[in-house]
2 protein chains.
Amino acid sequence: MSEVYLKDALVTLKESGVRITPQRHAILEFLISSETHPTADEIYRALEADFPNMSVATVYNNLRVFRNAGLVKELTYGDSSSRFDFVTHDHYHIICNHCGKIVDFHHPGLEEVEHLASHVTGFEVNSHRLEVYGTCPECATGANKAK
Amino acid sequence: MSEVYLKDALVTLKESGVRITPQRHAILEFLISSETHPTADEIYRALEADFPNMSVATVYNNLRVFRNAGLVKELTYGDSSSRFDFVTHDHYHIICNHCGKIVDFHHPGLEEVEHLASHVTGFEVNSHRLEVYGTCPECATGANKAK
DNA sequence: TACTTCTTTATAATCATTATAATTAGTTTA
DNA sequence: TAAACTAATTATAATGATTATAAAGAAGTA
């Protein structure tokens, strides 16, 4: 399952003339297998056992390469650092206000909203971003403390 | 019209025990009258004629005060600095990928999406965020250069 | 008026991200 | 396979937004 994603991603990269380095392979693999929408620093620390000499700049550089190739989405919230999400099929995120957990949920794309926005504003629309906020079940039952 | 917003905002602040200083008054007034969803630095520079001694920290501090009071929303995108939006009635934003312009558009709230998300994930939902991206008419006709 | 508390100011610190320059390593082609 | 070309990595410094700190100032109150 996730091996298919990885293989496809590598093909996509190769087709756009991007070299497959061990670091890129590892970052992609980590992103795909990760359920946690990691920050650049989390990726860096997760891989430092395998790549003791890897630079943080490499992580940032490659996340940008992946983003430009459409493989990865950057998620920015009010807090300090961006999170990165491997793009698979259309899904949205729901985020816990207390513990920050991000969970995927599936929902059909909001084309009608895009159409209305385009009609009202005269923009040519090409994408949108939607996130839902709330309290996750664990925080709701008091298992975690509030932030 | 906008005076009503300002007056209401001042009442809200006073009720939550926040002192109305000249700086706070000016920042709020600027936010309400502004059509541009300014950054903290833009607010700072816009007011430095009237408040030559005001510190950037004051702008940040008060934006946080306003945010905590529910008067202001912080908008974070991939780029460097947050933008701040005075909260009026429900509206969403459409953002130009080329020149960064942010335009409001009205659309009924996406309660059904919130319900679905809540049902699927078990979260208690309390809000969401939606933005549409595209190219504004000016950029589409080539009046501006691409980023 | 004096007191208490909140706010502002000025400045330094923090921290994520990006730029730079030198070195290293993929990839291509002979 | 090896040389050559070019892109990628590394280490480090720089940038820039935001936050923390401490001292000075102002608002509200007794």
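Owing to the predicted nature of the structure, the values given are computational and were not obtained by experimental measurement. So that the names make sense, note that chain A is the first sequence line, chain B the second, and so on, each numbered from 1.
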Would you mind classifying the nucleic acid contact of [X] as base, sugar-phosphate or nothing, using non-hydrogen atoms under 4.0 angstrom?
X	result
B:Ser81	sugar-phosphate
B:Ile20	nothing
A:Thr21	sugar-phosphate
B:Asp41	nothing

Can you tell me if the side-chain N/O atoms of [X] get under 4.0 Å from OP1 or OP2 in [N]?
X	N	answer
B:Asn61	C:dC6	no
B:Ser80	D:dG16	no
B:Gln23	C:dT9	yes
A:Arg24	D:dT9	yes
A:Asn62	D:dT9	yes
A:Tyr60	C:dT18	no
B:Ser55	C:dT8	no
A:Ser82	C:dT17	yes

Kindly compute the distance separating [atom1] ([X]) from [atom2] ([Y]), expressed to the nearest 0.5 Å.
X	Y	atom1	atom2	result
B:Glu74	B:Arg83	CD	CZ	12.0 Å
B:Gln23	B:Thr58	CD	OG1	6.0 Å
A:Phe30	A:Glu42	CZ	CD	7.5 Å

From [atom1] of [X] over to [atom2] of [N], roughly how many Å is that when rounded to an integer?
X	N	atom1	atom2	answer
B:Asn53	D:dA23	CG	P	20 Å
A:Glu42	C:dT17	CD	C1'	16 Å
B:Leu13	C:dC6	CG	C1'	14 Å
A:His25	C:dA25	NE2	P	18 Å
A:Asp50	D:dT9	CG	P	15 Å
A:Met54	C:dA25	CE	P	15 Å
A:Phe51	C:dA25	CZ	P	13 Å
B:Leu10	D:dA27	CG	P	15 Å

Same hydrophobic cluster for B:Phe66 and B:Val11, using side-chain heavy-atom links shorter than 4.5 Å among ILVMFWY?
->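 Shared cluster, no.
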For the residue pair B:Thr121 and A:Pro137, what are the closest heavy atoms and their distance?
->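 Heavy atoms only, the tightest pair is O-CG, 3.8 Å.
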Of the nucleotides [options], which one has an atom closest to the side chain of [X]?
X	options	answer
A:Val18	C:dT5, C:dT9, D:dA8	D:dA8
B:Arg64	D:dA20, C:dA10, C:dG26	D:dA20
B:Arg19	C:dA25, C:dT11, C:dT5	C:dT5

Closest nucleotide of DNA chain D for B:Pro22 versus for B:Phe84: which of these residues is on the 5' side?
->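 Taking each residue's closest nucleotide, the earlier one in sequence belongs to B:Phe84.
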First of B:Glu74 and A:Pro52 reached from the 5' end of DNA chain D, by closest nucleotide |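 The 5'-side residue here is A:Pro52.
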Taking A:Thr12 for the side chain and A:Asp8 for the main chain, is one N or O donor matched with an acceptor at less than 3.5 Å?
->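 Present.
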